Amino acid sequence: AAGFLFFWTPAANTGWHLWRSDATLAGTNLVLTTPSQGGYFRVEVATVPTGLMCYFDDGVHGYEPWFVGAGSPVLTDVRPGPVGSGLQPGGSAAVGARSVGTEVWCSPDDGVHGSEPWLMSGAGTMALVADLAVPLASSNPQPMADVGQELVFRVAPSSSVSSLHITDGTLAGTRLLLDLGGDGAVVVLSEPEGLWFERYEDSGGNTLWLSLIHI
């Protein structure tokens with residue numbers, strides 16, 4: 001990403017180091033160090049041409065997105081305070097990050113809209129794409145597949161309500177593809193023109209679907 005190799009190594013204080021390297025000794029530098037981490041260190045990473053997004057707990061802000069490119073790391077404190085945007089009140093972690101073209105998709109909870117789809121640009125700035133559930137509820141978006149420069153994702157506000165949506169990263173470009181009810185779905189194949197997916201129905205039957213998006 002951005003012409004660099006990024007990698008994590010354990011730190012002496014049981015934290016972690018993030019390094020950036022251009023494949024030379026002089027060009028291998030420490031970018032940031034986390035504080036001591038108790039238990040398993042969880043980090044989500046997604047790369048774009050200009051760098052990468054790390055979604056982790058720095059011990060101060062909670063689980064939040066950091067953008068690392070050629071310059072200094074940039075923190076986006078989506079939910080100010082120690083709770084962080086990656087943890088729900090019940091303690092379950094939000095979905096991490098996924099690259100979509102030159103942007104990064106993620107589903108933080110800002111404490112106002114619930115867990116909803118957000119996009120980070122290649123410069124590290126983040127914006128809410130759409131609030132697909134009522135305020136203080138979460139649509140719990142789950143990425144499914146890339147179709148061209150767009151992302152197909154599943155939202156599931158409850159166990160009996162779910163649907164497939166597609167977004168180009170804008171509110172106007174976010175639209176419903178299919179109401180799934182309480183059914184599940186898994187991608188079989190994504191193509192530039194559309195998406196093949198298998199739908200797991202409550203009745204116990206599985207069916208193959210094709211959603212033509214770009215024709």
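The model shown is predicted, which means the values in this text are computed figures rather than measured ones. When a residue number appears, it is its place in the shown sequence, counting from 1.
Annotation: L208, atom CG; neighbour count of heavy atoms from other residues, nucleotides and ligands within 6.0 Å is above 12.
Checking side-chain atoms of E116 against main-chain N and O of S139 turns up a donor-acceptor pair under 3.5 Å. Remark: the backbone N or O of L180 is paired with a side-chain donor or acceptor of R199 at under 3.5 angstrom. Checked by atom type and distance alone, the side chain of S21 never pairs as donor or acceptor with a backbone atom of L5 at under 3.5 Å. Distance alone, capped at 3.5 Å, is enough to place a donor-acceptor pair between the S115 side chain and the S107 backbone. Side-chain atoms of R79 never come within 3.5 Å of backbone atoms of E64 as a donor-acceptor pair (strictly under, hydrogens ignored).
Considering all non-hydrogen atoms of both residues, N140 and A156 come closest at ND2-O, 3.2 Å. Nearest heavy-atom pair across L195 and A145 is CD1-CB, 3.7 Å. Scanning both residues, N206 and E198, for their nearest heavy atoms gives CB-OE2, 3.3 Å. C106 and M126 get closest at one heavy-atom pair: SG-CE, 3.4 Å. Across all their heavy atoms, V31 and P73 have their closest contact at CG1-CG, 3.2 Å. Between A130 and L171, the closest heavy-atom pair is CB-CD1, 3.7 Å.
Annotation: the span from R175 atom CZ to D168 atom CG amounts to 7.5 Å, rounded to 0.5 Å. Distance check: T33 OG1 to H17 NE2 gives 4.5 Å after rounding to the nearest 0.5 Å. With values rounded to the nearest 0.5 angstrom, F56 atom CZ is found 5.5 Å from W66 atom CH2. We find the CD-OG1 distance between Q149 and T167 to be 12.5 Å, quoted to the nearest 0.5 Å. Distance check, rounded to the nearest 0.5 Å: OG of S163 to CZ of F153 gives 8.0 Å. Between atom CG of residue L32 and atom CG of residue D58 there is a gap of 9.0 Å, rounded to the nearest 0.5 Å.
Taking the side chain to side chain contact (heavy atoms under 4.5 Å, CB included) definition, one finds that D110 meets it with V78, V112, H113, W118, sequence neighbours left out. By the side chain to side chain contact (heavy atoms under 4.5 Å, CB included) test, L119 is found to be paired with E103, W105, V129, residues two or more places apart in sequence or in another chain being considered.
Cluster annotation: L30 and F7 are assigned to the same hydrophobic cluster (Ile/Leu/Val/Met/Phe/Trp/Tyr, side-chain heavy-atom contacts under 4.5 Å, transitive).
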- Task: For side chain to side chain donor-acceptor pair (under 3.5 Å), just list the numbers for W19 and T28, CA-CA rounded to whole Å, side-chain angles, deciding distance to a tenth of an Å, and then say yes or no.
- Result: CA-CA 7 Å; W19 297 81; T28 301; over 6 Å; no
- Dump the intermediate steps for side-chain contact (heavy atoms from CB on, under 4.5 Å) on F197 and L178, then the final yes or no. CA-CA 12 Å; F197 63 93; L178 179 67; 3.7 Å; yes
- Carefully, step by step, assess N29 and F4 under the rule side-chain contact (heavy atoms from CB on, under 4.5 Å). CA-CA 11 Å; N29 300 290; F4 296 102; over 6 Å; no
- Item | Step-by-step side-chain contact (heavy atoms from CB on, under 4.5 Å) determination, C54 to L18 | CA-CA 10 Å; C54 302; L18 176 63; 4.0 Å; yes
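Under the side chain to side chain contact (heavy atoms under 4.5 Å, CB included) test applied with L151, the options P143, P141, P117 reduce to a single match, P143.
With contacts defined as side-chain heavy-atom distances shorter than 4.5 Å, the pair W16/P10 qualifies.
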